[in-house]
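Notes for the one structure printed next.
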Amino acid sequence: MAIQASSAAGFSPSPGWRSGGARVYETLTDQQRIDFGLGHLRLREEMREAGVLVVSEGLGDPALATQVSVRDGRTITSDGPYAEVKEHLAGFYLIDVADLDEAVAWAAKAPDAAYTRVEVRPILDMSTWEL
């Protein structure tokens, strides 16, 4: 699928899972967690059927992250866990839609929107940059 960078949008359904130091997910009942997961599966399928889904992935716990930097030509890695953060990206959807309004409409369907914020961003179009 070719993606027009000007019309593609991504949204992260879970940038605010940590709010006020408490993990929102941990406050959900077992049934709410099941419904939450099924909600994401349904949303992904609905996006696929509508032809807007480019890719969708969940991301591992930040404690499993590896940080990478380069100093004096040497690659340096550092394994987690890292300092406590208020928010972390739990996953993302990359969708190809006509405009921000359509992206917001899809983001509003994410189960996370009932519990926390959902962030919508356009894809950075570098095709007009003079490099």
Side-chain angles (χ1 to χ4, degrees):
M1 168 190 291
I3 300 171
Q4 302 274 327
S6 60
S7 65
F11 71 87
S12 333
S14 305
W17 272 120
R18 292 175 184 255
S19 175
R23 287 177 155 291
V24 174
Y25 191 77
E26 292 174 359
T27 67
L28 303 180
T29 66
D30 288 344
Q31 186 60 53
Q32 286 173 316
R33 290 178 185 188
I34 290 168
D35 293 343
F36 181 87
L38 292 173
H40 275 290
L41 292 174
R42 284 190 296 272
L43 177 60
R44 187 176 198 285
E45 182 60 20
E46 184 180 350
M47 289 176 169
R48 188 191 64 71
E49 288 176 0
V52 301
L53 182 65
V54 177
V55 67
S56 170
E57 297 292 340
L59 301 173
D61 190 290
L64 303 174
T66 298
Q67 291 185 347
V68 179
S69 60
V70 176
R71 300 293 181 270
D72 298 320
R74 290 185 34 234
T75 300
I76 303 165
T77 61
S78 176
D79 294 334
Y82 302 103
E84 180 76 15
V85 294
K86 291 177 79 175
E87 300 178 347
H88 76 268
L89 181 64
F92 68 93
Y93 292 91
L94 178 61
I95 56 177
D96 189 0
V97 295
D99 54 35
L100 178 62
D101 289 340
E102 189 176 351
V104 167
W106 281 108
K109 293 181 178 187
D112 311 61
Y115 301 102
T116 186
R117 299 177 319 271
V118 175
E119 182 176 327
V120 177
R121 294 188 195 184
I123 300 300
L124 181 61
D125 181 4
M126 295 175 39
S127 66
T128 61
W129 291 16
E130 291 184 35
L131 301 175

- request: I would like to know whether Arg42 and Leu38 meet side chain to side chain contact (heavy atoms under 4.5 Å, CB included); could you show each step before the answer?
  value: CA-CA 6 Å; Arg42 284 190 296 272; Leu38 292 173; 3.5 Å; yes
- prompt: How close do Ala107 and Ala113 get, heavy atom to heavy atom, and via which atoms?
  reply: O-CB, 4.2 Å
query: Should Val52 and Glu102 be marked as a side chain to side chain contact (heavy atoms under 4.5 Å, CB included) after you check the CA-CA gap, both sets of side-chain angles, and the distance that decides it?
result: CA-CA 10 Å; Val52 301; Glu102 189 176 351; 4.0 Å; yes
- prompt: Out of curiosity, Leu41 CG to Leu43 CG, how far, rounded to the nearest 0.5 Å?
  reply: 9.5 Å
statement: d(Arg71 CZ, Ile76 CD1) to nearest 0.5 Å is 6.5 Å
message: Testing the basics here: between Val118 and Ala110, what is the closest heavy-atom pair and its distance to 0.1 Å?
response: CG2-CB, 4.3 Å
message: Less than 4.5 Å apart, side chain to side chain, heavy atoms only: is that true for Trp106 and Val120?
response: no
- request: For Glu119 and Arg117, run salt bridge (Lys or Arg N to Asp or Glu O under 4.0 Å): C-alpha distance rounded to whole Å, both residues' side-chain angles, the deciding distance at 0.1 Å, then the answer.
  value: CA-CA 6 Å; Glu119 182 176 327; Arg117 299 177 319 271; over 6 Å; no
field: Any Glu46 side-chain heavy atom under 4.5 Å of Arg44 side chain
entry: no
- request: To the nearest 0.5 Å, tell me how far Glu57 CD sits from Tyr93 OH.
  value: 10.5 Å
- prompt: Are the side chains of His40 and Pro111 in touch, meaning some heavy atoms are under 4.5 Å apart?
  reply: yes
task: Keeping the roles fixed (side chain from Asp99, backbone from Asp101), state whether a donor-acceptor pair exists under 3.5 Å.
output: yes
- prompt: Is there side-chain contact between Phe92 and Val55, with at least one heavy-atom pair below 4.5 Å?
  reply: yes
- prompt: Heavy atoms, side chains only, cut-off 4.5 Å: are Leu94 and Ile123 in contact?
  reply: yes
task: Kindly compute the distance separating CG (Asp79) from OG1 (Thr66), expressed to the nearest 0.5 Å.
output: 4.0 Å
query: Taking atom CG of Asp96 and atom CE of Met47, what is their separation to the nearest 0.5 Å?
result: 12.0 Å
field: Side-chain touch Arg33/Glu26, heavy atoms, less than 4.5 angstrom
entry: yes
query: Which heavy-atom pair separates Thr29 from Gln32 by the least distance, and what is that distance?
result: N-OE1, 2.8 Å
